[in-house]
Protein chains: 2
Amino acid sequence: MTEHDLGVLSAAAVIVRKLPRQRFIDEGAEAIHFFTMSEGTARIFKTLADGRQQLVSFASRGDFLGLAVASRYAYSVEAIDAVSYCRFSRPDLRALLRDFPDMEKRLLEITCHELILAQEQMLLLGRKSARERVASFLILRISRSAARGLEPTHGIPVSLPMTRSDIADYLGLRIETVSRTLSSMKQDGLIRSDASAHGVLIANLAALDACAAGA
Amino acid sequence: MTEHDLGVLSAAAVIVRKLPRQRFIDEGAEAIHFFTMSEGTARIFKTLADGRQQLVSFASRGDFLGLAVASRYAYSVEAIDAVSYCRFSRPDLRALLRDFPDMEKRLLEITCHELILAQEQMLLLGRKSARERVASFLILRISRSAARGLEPTHGIPVSLPMTRSDIADYLGLRIETVSRTLSSMKQDGLIRSDASAHGVLIANLAALDACAAGA
DNA sequence: CGGTAACTTGAGCCGCTTCAATCCGCGTGG
DNA sequence: CCACGCGGATTGAAGCGGCTCAAGTTACCG
């Protein structure tokens, strides 16, 4: 979603702020609203009866939430850090799509792109080993991390603002496995520690890439 | 996709037939065409370098193939049984969308629905046990199997036209695990054998449902 | 500094995979 | 009509990758 679209949308929408851990979409609830993220990061996830969770994706600025063909939300969404978003009703969305026909095309493009990402994630969840999953995740995160003044001597910086628990729920692993895998990758010189646990430096991108691809 | 849409599309398209095992979309190839399935069943899948496969979905009559935001196909597609489909070029699709504006809305709806299915599958692949996966799969197949003259005394018939290998690749398991799980479900009275390996009868839907939901 | 939540590390276990041996169904040809 | 062959399915035994349970360690915040 472009900055221009966001502008148009926010004019018709209510702006809402949420603190970390607050939930603002509930899987199975009546789908009344649509949302576009304008600040922060949120976790989109599904839950099984006994509490097992699968994180379907991370949402950040520009992402579209509240997707539902039937009248109920297909997933829950919680703020990871401080989040703000635009909220608008289904009738308002319909009006917007009428007034800005290009937006429908864009919406289709976005949804197709999400579907492709979802399929890539199915490959990861169904067929990749723990190490391959973590490698894939780190590579995915490169684009999300501002590469300001990159210094190849130390490695490509990757920020991991979410907890290990979020990463584990995203990769279909347990937190211990994520932690162990990161340690083992440090051992093998693939990555290096950044300050704190919420960031790493990629020391050997080629090797990490090969690992992510399943080689 | 409705029968009416299929009619409109087939008027502008080339109709092609494929025999079992023939591939007609190649992951990574230039995405020149779009496709709509008109007969048979196909496997949509992604592949890793060493041959591991993840089946992303089964395609049958009315399903839309060739999705690609970038210019390359995101997955491969192969015929499972005898398949026929309509093929048309991207410019033709654009013309169709111009001439039938409602089709874009429908395309968006279809894609949203696929995305929701994909997310459900992520939950399955990331968090469900083998038994829960097979239970989920059988329940999913109920709707695909014509429930002609259902006889609750013998169980709800479910047809499994694909091989165990396809099921395994869809569920992120090995064929041996699928086979063992089905046997164990028979043992436990959840399902019964139909004639041949390509069909079962669901004997205890409630229990199977509970299992699929992770209870 | 104290307390808590997040992260790391270790040891043992379990579910799924791997490897291997049948078994079954079906089409083919003698 | 039956023997044969072949691909798919089933079953068995052993191994291993990721999970579970548990004990530290570190980072963060009052």
Side-chain angles (χ1 to χ4, degrees), chain A residues 19-21 43 48 50-54 78 80-82 124-137 159-188 191-200 211 214, chain B residues 19-21 43 48 50-54 78 80-81 124-138 159-188 191-200 211 214:
Chain A
L19 296 174
R21 304 199 152 278
R43 59 201 310 269
L48 289 172
D50 62 359
R52 278 173 286 172
Q53 291 192 348
Q54 178 63 40
E78 280 177 10
I80 288 180
D81 48 20
L124 181 148
L125 294 170
R127 290 300 178 210
K128 290 188 185 178
S129 71
R131 174 172 272 240
E132 289 163 354
R133 293 181 200 204
V134 171
S136 303
F137 179 67
S159 78
L160 306 172
M162 67 292 292
T163 65
R164 292 286 184 273
S165 179
D166 288 329
I167 298 175
D169 283 347
Y170 183 60
L171 298 179
L173 301 170
R174 316 258 64 192
I175 47 176
E176 297 95 328
T177 305
V178 172
S179 187
R180 266 188 261 274
T181 305
L182 285 171
S183 297
S184 145
M185 284 177 166
K186 279 170 198 165
Q187 194 75 25
D188 300 349
I191 60 175
R192 244 182 270 285
S193 285
D194 197 351
S196 92
H198 291 281
V200 294
C211 179
Chain B
L19 296 174
R21 303 197 154 279
R43 59 201 310 270
L48 289 173
D50 62 359
R52 279 174 284 174
Q53 292 192 346
Q54 178 63 39
E78 281 177 11
I80 289 180
D81 47 20
L124 181 147
L125 294 171
R127 290 301 179 209
K128 290 188 183 176
S129 70
R131 175 171 272 241
E132 290 163 353
R133 292 181 201 203
V134 172
S136 304
F137 180 67
L138 290 177
S159 77
L160 306 172
M162 66 291 293
T163 65
R164 292 287 184 273
S165 179
D166 288 330
I167 298 175
D169 283 347
Y170 183 60
L171 298 178
L173 300 170
R174 318 258 64 194
I175 45 177
E176 297 94 330
T177 305
V178 172
S179 187
R180 267 188 260 274
T181 305
L182 286 170
S183 297
S184 145
M185 284 177 166
K186 280 169 197 164
Q187 193 77 23
D188 300 349
I191 60 175
R192 243 183 271 284
S193 286
D194 198 352
S196 93
H198 290 281
V200 295
C211 178

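Just so you know, these numbers use all the heavy atoms, side chains as well, and skip hydrogens, waters and symmetry mates. Each chain gets a letter, A, B and so on, in the order the sequences are listed, and its residues count up from 1.
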Side-chain contact check for B/Arg164: nearest option of D/dG8, D/dA9, C/dC19 is D/dA9
- Query: With a 4.0 Å cut-off, would you call B/Arg131 and B/Asp188 a salt bridge?
  - Reply: yes
Between CE of A/Met162 and P of C/dA6 the distance, given in whole Å, is 15 Å
From the candidates C/dG10, C/dC16, C/dC7, the one with an atom nearest any side-chain atom of B/Leu173 is C/dC16
Against the side chain of A/Arg21, the closest entry in C/dC19, C/dA6, D/dA9 is C/dA6
From CZ of A/Arg174 across to C1' of D/dA22 the rounded distance in Å is 15 Å
query = Does B/Ser165 put a side-chain nitrogen or oxygen below 4.0 Å from OP1 or OP2 of D/dG8?
reply = no
Rounded to whole Å, the NE2-P distance (A/His198 to D/dT26) equals 16 Å
### Task
Using only heavy-atom distances, decide whether a donor-acceptor pair under 3.5 angstrom links the side-chain of B/Arg180 to the base of D/dG12.
yes
Winner on side-chain proximity to A/Glu176, out of C/dG10, D/dA9, C/dT18, is C/dG10
- Item | Backbone N/O of A/Lys128 and side chain of A/Arg133: donor-acceptor pair under 3.5 Å | yes
Minimal heavy-atom distance between A/Phe137 and A/Leu160, with the atoms involved, is CE2-CD2, 3.8 Å
Between CG of B/Leu182 and C1' of D/dT10 the distance, given in whole Å, is 11 Å
